[in-house]
Amino acid sequence: TEWQTDSVYRAISPSALWGFASDDIWLGNWGNVFWHYDGYSWSKYGKVTPPEGYDITSIEGLWGSNPSSVWGVGFATNLTSASAKGIIMHFDGSQWDYKSIPSLPVAFIRIRKQRSSQQLFVQGQRTAHVPRDTFKVYTYDGNKSLDEIYSEPSSMVIWDINGSLCFVSEQKIYTYKKNKFVLWKDF
């Protein structure tokens with residue numbers, strides 16, 4: 001299969017992509033809209049109303065276990081004050097809804113589920129000009145509990161390898177077992 005344009009102009013800035021098949025692909029972007037591809041064309045999948053006090057959302061990461069359970073993470077921004085907070089959304093097969101989580105000044109950028117524990121992990125970043133950005137990882141129960149397990153100036157990236165999660169930071173690869181990071185490989 002080759003990527004091709006359908007030649008239809010759309011004012012979108014893609015920032016996240018997740019698919020289950022060539023006729024079931026989700027796209028997240030800046031601008032309060034999810035896009036869905038059904039095998040023939042891209043279409044807006046409803047308009048997302050930003051949380052109260054915010055003007056616009058950006059979906060930075062998507063992940064799903066099946067077409068009726070897709071997660072989106074990102075942030076909401078107040079354009080007047082430039083304040084932002086992390087958001088988590090869930091698609092249940094018919095609609096996207098915000099999940100009730102603590103208000104955190106973090107841009108969430110990735111969400112993945114560890115197959116062995118069924119635990120969701122959310123990667124985020126708190127941008128600061130001085131002294132440095134702070135990179136964060138949270139466990140998430142899929143409902144309300146969002147627990148910070150990593151917060152350092154060193155980047156920590158979540159990678160999914162066939163359902164097993166790896167956490168990469170400063171030339172080291174970790175797994176997460178029994179509520180702690182376990183060094184797997186040090187380069």
Side-chain angles (χ1 to χ4, degrees), residues 1-80 82-115 118-125 127 137-146 157-160 162-163 165:
T1 303
E2 290 184 26
W3 287 95
Q4 298 176 6
T5 179
D6 63 5
S7 301
V8 177
Y9 175 77
R10 295 172 188 86
I12 61 173
S13 297
S15 52
L17 189 68
W18 187 262
F20 296 99
S22 61
D23 62 352
D24 190 3
I25 300 172
W26 288 98
L27 185 140
N29 74 123
W30 173 264
N32 304 331
V33 175
F34 282 94
W35 290 82
H36 186 259
Y37 184 70
D38 63 6
Y40 299 100
S41 64
W42 287 97
S43 59
K44 290 181 182 181
Y45 198 92
K47 185 159 177 64
V48 176
T49 302
E52 187 173 337
Y54 294 86
D55 303 303
I56 196 160
T57 60
S58 181
I59 299 301
E60 301 294 311
L62 291 166
W63 178 86
S65 57
N66 63 66
S68 294
S69 184
V70 183
W71 295 91
V73 296
F75 57 94
T77 302
N78 179 304
L79 298 174
T80 304
S83 63
K85 74 172 189 170
I87 59 169
I88 299 177
M89 298 187 74
H90 184 256
F91 179 73
D92 64 4
S94 62
Q95 67 182 17
W96 285 95
D97 289 309
Y98 286 101
K99 300 303 282 186
S100 178
I101 59 170
S103 183
L104 301 169
V106 175
F108 295 136
I109 52 180
R110 183 169 290 161
I111 185 167
R112 294 291 186 268
K113 182 184 272 188
Q114 187 169 22
R115 188 180 313 161
Q118 295 299 302
Q119 180 70 58
L120 287 163
F121 290 84
V122 178
Q123 175 186 336
Q125 180 175 350
T127 304
V137 176
Y138 301 85
T139 57
Y140 178 55
D141 69 357
N143 191 21
K144 290 185 180 184
S145 178
L146 188 67
V157 180
I158 303 171
W159 293 104
D160 179 357
N162 198 26
L165 298 186

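Rounded to the nearest 0.5 Å, atoms CZ (Phe91) and CG (Asp97) are 10.0 Å apart. Between Leu146 atom CG and Ser100 atom OG the span is 10.5 Å, to the nearest 0.5 Å. Leu104 CG to Ile88 CD1: the interatomic distance, rounded to the nearest 0.5 Å, is 9.0 Å. One distance of note links OG1 of Thr77 with CH2 of Trp30; it measures 4.0 Å at 0.5 Å rounding. Rounding to the nearest 0.5 Å gives a distance of 13.5 Å between CZ of Phe75 and NZ of Lys85. For the atom pair OG (Ser145) and CD1 (Ile101), the distance works out to 11.0 Å, reported to the nearest 0.5 Å.
Within the 4.5 Å cutoff, side-chain heavy atoms of Tyr140 are placed close to those of Lys99. Contact annotation: the side chain of Lys113 never approaches that of Leu165 to less than 4.5 Å [non-hydrogen atoms, C-beta and beyond]. Two residues are said to be in side-chain contact when any heavy atoms from C-beta on lie closer than 4.5 Å; Asp160 and Arg115 fail this criterion. Between Ile87 and Ile59 the shortest side-chain heavy-atom distance falls below 4.5 Å.
Under the 3.5 Å distance criterion, the side-chain polar atoms of Asn78 are matched with a main-chain donor or acceptor of Gly53. Remark: the backbone N or O of Gln123 is not paired with any side-chain donor or acceptor of Arg112 at under 3.5 angstrom. With Tyr98 contributing its side chain and Thr49 its backbone, the two residues share a donor-acceptor pair below 3.5 Å.
A tilted orientation is assigned to the rings of Trp18 and Trp63, their planes being inclined by 30° to 60°. Below 30°, between 30° and 60°, or above 60°: for Phe34 and Trp26 the angle between ring planes is above 60°, a perpendicular geometry.
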Practice task
Could you walk me through whether Thr139 and Phe121 pass side chain to side chain contact (heavy atoms under 4.5 Å, CB included), step by step?
Solution key: CA-CA 5 Å; Thr139 57; Phe121 290 84; 3.6 Å; yes
Practice task
Begin from the C-alpha positions of Met89 and Val70 and carry the test side chain to side chain contact (heavy atoms under 4.5 Å, CB included) through to its verdict.
Solution key: CA-CA 8 Å; Met89 298 187 74; Val70 183; over 6 Å; no
Practice task
Start with the C-alpha distance between Ser65 and Trp71, add both sets of side-chain angles, then the distance that settles side chain to side chain contact (heavy atoms under 4.5 Å, CB included), and finish with yes or no.
Solution key: CA-CA 9 Å; Ser65 57; Trp71 295 91; 5.9 Å; no
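Across Phe20, Tyr45, Trp42, a single residue satisfies ring-ring contact (aromatic ring centres under 6.0 Å, His included) together with Tyr37, and that is Trp42.
Geometric assessment of Arg110 against the ring of Trp159 yields a positive cation-pi assignment under the 6.0 Å and 45° thresholds.
Between His90 and Ser69, the side chains place a donor N or O and an acceptor N or O closer than 3.5 Å (distance only, hydrogens not considered). Side-chain contact check for Ser94 and Asp92: at least one donor-acceptor pair (N or O, by modelled atom type) lies under 3.5 Å.
Pairing each heavy atom of Ser103 with each of Tyr54, the nearest pair is OG-OH, 4.5 Å. Between Ile109 and Val73 the shortest heavy-atom distance is C-CG2, 3.9 Å. Between Ser15 and Asn29, the shortest heavy-atom contact is OG-CA, 3.4 Å. Closest approach of Asp55 and Thr80 over heavy atoms only: OD2-N, 4.0 Å. Nearest approach of Thr57 to Asn32, heavy atoms of both residues: N-OD1, 2.7 Å. Taking both residues in full, the closest heavy atoms of Pro14 and Leu27 are given as CB-CD1, 3.8 Å, listed atom of the first, atom of the second, then distance.
Phe108 has its ring centre less than 6.0 Å from the ring centre of Tyr138.
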